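Comments concern the structure below.
Keep in mind that what you see is a predicted model, and the values were worked out from it rather than measured. For this chain, numbers begin at 1 and follow the sequence in order.
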Amino acid sequence: MFQERAIDRQFASFLCRQSAGGGSDIFRLLVSLLSSAVGLGNICLDLGDCAGKTVSVDGKEIVLPDVHALQELLRGMETVGLPDQHRPLVLDRSGRLYLYRYWRYEHELAVRLFQKASATAGSIDEALLQKGLARLFPDGDGDSIDRQKEAASAALHKQFCVISGGPGTGKTSTIVRILALLLEQKDGGKHKIAMTTPTGKAAVRLKASVNNIRQTLDCSDEIKLAIPDDVVTLQRLLGAVSGSSRFRHSARNPLPFDTVIVDEASMIALPLMTALVAALKPTARLVLLGDRNQLASVEAGAVLGDICSTGEGGNLVTLEKNYRFQAGSGIAEISRAVNAGSDGEALALLKCTTLHGIAWRELPSREDLRRSLAKKVLEGYRYYLEAESASEALERFDRFRILCALRDGPYGVSGLNSYVESILGREGVIKPESRVYRGRPILVTVNDYAMRLFNGDTGILFPDPESGGAVRAFFPDLDGRVRSVSPERLPLHETAFAMTIHKSQGSEFDRVLLLLPPVESDILTRELIYTGITRAKESVEIWASEGVLCRAVRKKIERRSGLRDALMA
């Protein structure tokens, strides 16, 4: 459904003023539709989606003509150009209308990825590699294909490789083995490797996993020690310039690395992915890891999904065997059903009392919500609030989280955080009289390069013995320790007992309580439900109405772009 925002209307009016005659009502509407589409995460407006439709704007009904007529109208506007022309808007030959900036991002990314996908990754000692593959990926599944081994081989041979798989399929384990194989090659000790993630919390998790896994490898101690464990955010890797959208590293000043490994790639928007690929050396290897079924970036684009939709091949390997969840695991089964869009099966699984790790409850009414939450909140959060140190509190806090779909309302972040504070305050385990209280969990909502705190970072307010017991904000650091920040110096943040599923990406919790709103919303999709479920390592409990859940599972996100077609050209 088209929801015209003020910015869409203003942008359309601006472009009409640049056009002879001021532009027609249909042209103005198309520009507004394009602006709205980008705001919803699309890269372009597919004219086929709106041709022949009736759209209501300010009480006025506008009937859009067929695709051919729309294309003819746009070709006659001086603000609209073909892909090889520098105009504010671009109309491609498939009837997709772009803002020029997004067309350039998409075109540049497609060209560079296609070049890398077609290129080999330099000289490889094949005999040495095969020995390493046999040792690090010993056959254990009989006649079945060892997808991890296949992914490692592709990553060594190709300049571009994508490894996709759900939680527990061994993506990180595969990457650590890839690092070992690279280092075992001749001159491997001189090979410069970077590991990066979109968020700080994902970087902390990846660093810890790499450290744990490398100790178990069947390789020399020298190689184990040489495996890098430094993980940085993409913004830091590219050298983000504070206060701007520019980066120090680009095609003119490329990154000094021979291999760049990117985890949680599904979260990366088109502009940032384009900047990363442009900043690689022409001979550098790029390996993307991610879950193709997760939510895409909250910004424009679904780059990983577009790449994976081109189909399996030499550059894409999908890991399917799950090493975390046993066959018949509730989380594994419900995730599979949701991915398949099987709403009836998903609901039946949730209601099955014999499956371990999943539970269902009909959503409580607004009047009963606080009372219904009380037991879950106390069970989930009392333990971390009893911690004796900030580091212990941070570790315990990740054992439970409340996730929801919306920001506002009683079933959104604002309402649920208020309920949790009220419940814990009544029990005397927190004292929320002010915003600076012991145990308050916080979620950073903006990037602050000076403070090294970024959107999505989670911390806890806790007494600091080194500051005479004064309450400070503690965050996990990439070195495995914690660092503290004065509450007065914190960037914009919010209480984080409950958080949106979008914000939870890149995180894992032992147990999750997932609440959906009582009414249908455009944001409720199978990708959202899947992402929320797969944040849980041990168990997930879903509170929702049957109708809302089933409609969400049936609804799949469709983001418009031309990247898939460009990569397959």
Side-chain angles (χ1 to χ4, degrees), residues 1-80 87-92 94-103 295-296 298-302 405-409 411-412 502 516-528 545 547-548 550-562:
M1 182 182 296
F2 173 49
Q3 295 181 339
E4 188 180 41
R5 304 167 300 173
I7 192 172
D8 305 327
R9 187 181 296 108
Q10 291 298 324
F11 178 67
S13 296
F14 170 77
L15 276 191
C16 284
R17 289 196 296 271
Q18 314 307 310
S19 306
S24 66
D25 285 345
I26 291 178
F27 176 67
R28 182 188 301 270
L29 177 57
L30 286 174
V31 176
S32 189
L33 284 168
L34 171 59
S35 177
S36 174
V38 172
L40 292 172
N42 298 285
I43 300 303
C44 58
L45 174 69
D46 190 325
L47 296 181
D49 291 338
C50 56
K53 300 288 178 61
T54 300
V55 181
S56 178
V57 180
D58 294 332
K60 183 178 180 180
E61 299 290 323
I62 299 178
V63 180
L64 291 167
D66 61 29
V67 170
H68 178 74
L70 290 176
Q71 290 176 315
E72 287 300 308
L73 181 152
L74 290 168
R75 290 189 188 111
M77 305 301 296
E78 56 265 47
T79 52
V80 181
R87 302 280 177 84
L89 303 179
V90 172
L91 178 65
D92 76 3
S94 297
R96 290 183 286 249
L97 183 64
Y98 293 81
L99 300 176
Y100 176 80
R101 179 163 62 106
Y102 284 98
W103 175 83
L295 284 167
V298 293
E299 300 176 57
L406 307 178
R407 289 197 51 79
D408 301 317
Y411 298 93
H502 274 94
L516 301 183
V519 294
E520 193 172 359
S521 167
D522 289 340
I523 201 172
L524 297 178
T525 63
R526 77 178 60 161
E527 291 85 356
L528 186 89
S545 73
V548 167
C550 289
R551 284 189 290 272
V553 171
R554 291 196 299 267
K555 187 193 304 180
K556 184 173 177 58
I557 293 176
E558 297 289 348
R559 286 194 170 180
R560 298 305 185 204
S561 83

(Q) So which atom in C50 and which in L64 form the shortest heavy-atom distance, rounded to 0.1 Å? (A) O-CD1, 3.4 Å

Q: Verify the neighbour count for atom CD1 of I62: are there more than 12 heavy atoms of other residues, nucleotides or ligands below 6.0 Å?
A: yes

Q) Atom CG of D46 and atom OG of S561: how far apart are they, to the nearest 0.5 Å? A) 10.5 Å

Q.
Would you compute the distance between atom CG of L528 and atom NZ of K555 and round it to the nearest 0.5 angstrom?
A. 10.0 Å

Q) Among all residues two or more places apart in sequence or in another chain, which pass the salt bridge (charged side-chain N to carboxylate O under 4.0 Å, His left out) test with D66? A) none

Q) Would S32 and D8 count as having a side-chain donor-acceptor pair, cut-off 3.5 Å? A) no

Q: State the CZ-CD distance between R551 and E520, to the nearest 0.5 angstrom.
A: 4.5 Å

Q: Write down the atom of Q71, the atom of L91, and the distance for their closest heavy-atom approach.
A: O-CD2, 4.0 Å

Q. Once you round to the nearest 0.5 Å, how far does CG of L47 lie from OG of S94?
A. 10.5 Å

Q.
Given 3.5 Å as the limit, does a donor-acceptor pair link the side chain of K60 with the main chain of S56, or not?
A. no

Q: State, yes or no, whether a side-chain contact exists between P88 and Q18 at a heavy-atom distance under 4.5 Å.
A: no

Q) Passes side-chain contact (heavy atoms from CB on, under 4.5 Å), I557 versus L295? Steps please. A) CA-CA 9 Å; I557 293 176; L295 284 167; 3.8 Å; yes

Q. Between atom CH2 of W103 and atom CD1 of I43, what is the distance when rounded to the nearest 0.5 Å?
A. 14.0 Å

Q) Which atom pair, heavy atoms only, marks the closest approach of G48 to V67? A) CA-CG2, 3.8 Å

